[in-house]
Amino acid sequence: MSTAQMNTSAEYWTELTGSLRLPQQMWIDGQWRAARNDGTSPLITPRDGSVLVDVAAAHDADVDDAVAGAARAFETGVWSKLSPRERGDVLIRWADLLEAHRSEIAALISLEMGKPVTHAWQIETRTSIGLIRWYGELADKLMDESPRSRTDSVALVTREPLGVIAAITPWNFPVSLACFKIPAALVAGNSVVLKPASQSPLSMLRIAELGSRAGLPPGVFQVVTGSGPVTGKALAAHPQVSTLTFTGSTAVGQQLLHYAGDSNVKPVWLELGGKSPNIIFPDAPDLDEAIGTAAWAISFNSGQMCTAGSRLLVHRSIHDQVLDGIVKHLAALRIGDPLDPATEFGPLASARHRDDVLAEIRRGIDSGTTLALGSGEPLDRPGCFVAPAVFDDVEPDSRLAQHEIFGPVLSVLTFDDETEAVAIANNSDYGLGSAVWTADISRAHRISRSLDAGLVWVNCYEEGDPSVPFGGRKLSGHGADKSAHGLDKFTALKTTWIKLT
Ligand code: NAD
């Protein structure tokens with residue numbers, strides 16, 4: 001684990017940002033490449049709405065090139081036939097290089113999608129470096145199997161790389177969510193073609209360049225940039241892509257299943273949306289901590305978190321105290337320029353997303369639900385800012401309790417007993433995160449077993465580690481990223497029988 005300290009001087013970040021080289025082209029076959037038709041699209045920073053740079057917009061022919069290069073690299077064996085340790089060493093060098101360029105990557109993230117630079121540095125880059133290093137270290141610690149099935153033969157169960165993996169990722173954590181997938185796919189011996197979100201391509205482009213410096217051979221890790229419906233679709237439907245791994249919205253995840261079915265029936269692994277319940281009982285071990293964490297769970301990354309604790313379930317006896325505490329926490333957040341290290345709460349990722357979130361708040365107000373904090377108006381400052389909003393006495397079946405807003409909008413619901421809390425929590429099409437605050441160990445276990453969610457946090461929120469899987473159920477998707485389980489989807493099982501003579 002790194003012991004590096006972040007530079008907290010605002011001047012340092014202003015100067016660094018001014019001197020940054022912003023990638024404009026795609027990273028294909030170990031070099032920068034424009035789109036074949038020289039197409040580009042402007043990248044707008046939500047910080048102030050200005051154009052940062054024009055970035056290559058890939059069409060089908062560019063995606064063909066990237067996939068063909070990745071397939072070529074796979075077939076030559078420059079990467080796929082290295083020993084696991086050799087592959088692991090490259091990943092570890094890559095993690096070291098990211099560490100050395102950590103501030104630059106954090107500034108790129110902050111510029112492209114508006115994340116406060118302190119969070120980009122302390123959380124996004126730390127998580128990503130940790131994941132690459134973890135898979136690098138895991139490389140030669142994996143075992144195949146030989147079941148003791150028969151005396152006249154030997155059965156070998158081996159795991160083999162699949163070929164070209166396509167990864168399509170969102171903008172809310174542009175680097176760490178890519179690193180949930182890419183090091184696992186690479187360490188298994190595959191080649192990877194990544195399409196980052198069109199709102200946030202810069203950080204992963206720079207990281208791909210660093211990967212080549214670390215020793216990833218040309219073609220093994222490609223980054224194509226462009227829109228979802230054009231570039232993303234071409235990649236998802238590509239017949240030479242063996243497996244598709246996706247993080248993003250449920251609606252796009254559903255489309256990807258169609259593309260796969262209509263092309264080569266590639267497996268599609270989906271990490272999708274959420275509407276996570278955060279349940280607070282009166283016997284929470286530390287109610288102040290539960291309140292502060294609930295405020296964090298809806299405001300961190302301006303609420304743009306698939307695991308955001310957007311449904312707060314509070315026991316009726318502590319409702320007023322909890323609501324009052326959360327409103328105070330949210331109202332006190334330092335809203336500001338994401339490049340200022342003192343900022344705690346930045347803009348939303350784009351003007352369009354800001355308008356969508358504001359429309360949801362207005363719709364909630366129009367429904368007659370009590371608004372305890374916030375408004376349906378944008379903040380009076382340049383950039384895509386929406387202040388936190390809290391709705392109280394939300395009906396469990398209402399849009400405010402069911403629809404993923406993906407912004408800083410909290411719905412507070414009240415319950416009277418454990419059975420009702422679980423019923424409300426499970427009354428959702430999603431099943432990603434969930435949390436329960438209680439000092440009763442039996443209740444914690446009972447509720448954890450009853451929640452229909454991939455992740456349960458007890459007396460904490462958003463805990464994670466490279467060694468622990470992450471994933472959802474129902475409309476939140478399926479499969480696990482991170483951990484040794486994260487490798488399964490990037491390998492195929494092969495059975496070999498050897499007859500003994
Ligand atoms: P999105 O689904 O709009 O976009 C995600 C990616 O898909 C982007 O790269 C986009 O360009 C691409 N895409 C869009 N249309 C496409 C198409 N037709 N074909 C192929 N690719 C296409 O999601 P977003 O707005 O970037 O991210 C927000 C969503 O992501 C939320 O729903 C959030 O809950 C979800 N999310 C889930 C997780 C998780 O781990 N479960 C994590 C983060 C975000």
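Whatever order the structure lists ligands and atoms in, that order sets their numbers, starting from 1. Positions are given from 1 along the sequence.
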Which protein residues have a heavy atom under 4.0 Å from ligand 1?
Ile168, Thr169, Pro170, Trp171, Asn172, Leu177, Lys195, Pro196, Ala197, Gly228, Pro229, Gly232, Lys233, Phe246, Thr247, Gly248, Ser249, Val252, Gln255, Leu256, Tyr259, Glu271, Leu272, Gly273, Cys306, Glu404, Phe406, Leu432, Phe470
Quiz: residues 53-60 side-chain donor-acceptor pairs under 3.5 angstrom, not counting sequence neighbours:
none

All pairs passing side chain to side chain donor-acceptor pair (under 3.5 Å) where residues 168-190 contributes a residue, at least two apart
Glu124-Ser176, Lys181-Thr245, Lys181-Thr247, Lys181-Asp481
Please list, chain by chain and in numerical order, all residues satisfying salt bridge (Lys or Arg N to Asp or Glu O under 4.0 Å) with Arg21, sequence neighbours excluded.
Glu209
Report the C-alpha separation of Glu462 and Thr307 in whole Å, then their side-chain angles, then the decisive distance to 0.1 Å, and conclude whether the side-chain hydrogen bond (donor to acceptor under 3.5 Å, both in side chains) test is met.
CA-CA 8 Å; Glu462 204 61 49; Thr307 47; 2.5 Å; yes
Criterion side-chain contact (heavy atoms from CB on, under 4.5 Å) against Leu91, the qualifying member of Leu131, Ile132, Leu138:
Ile132
Taking atom types as modelled, is there a side-chain donor on Glu404 or Ser310 under 3.5 Å from an acceptor on the other?
no
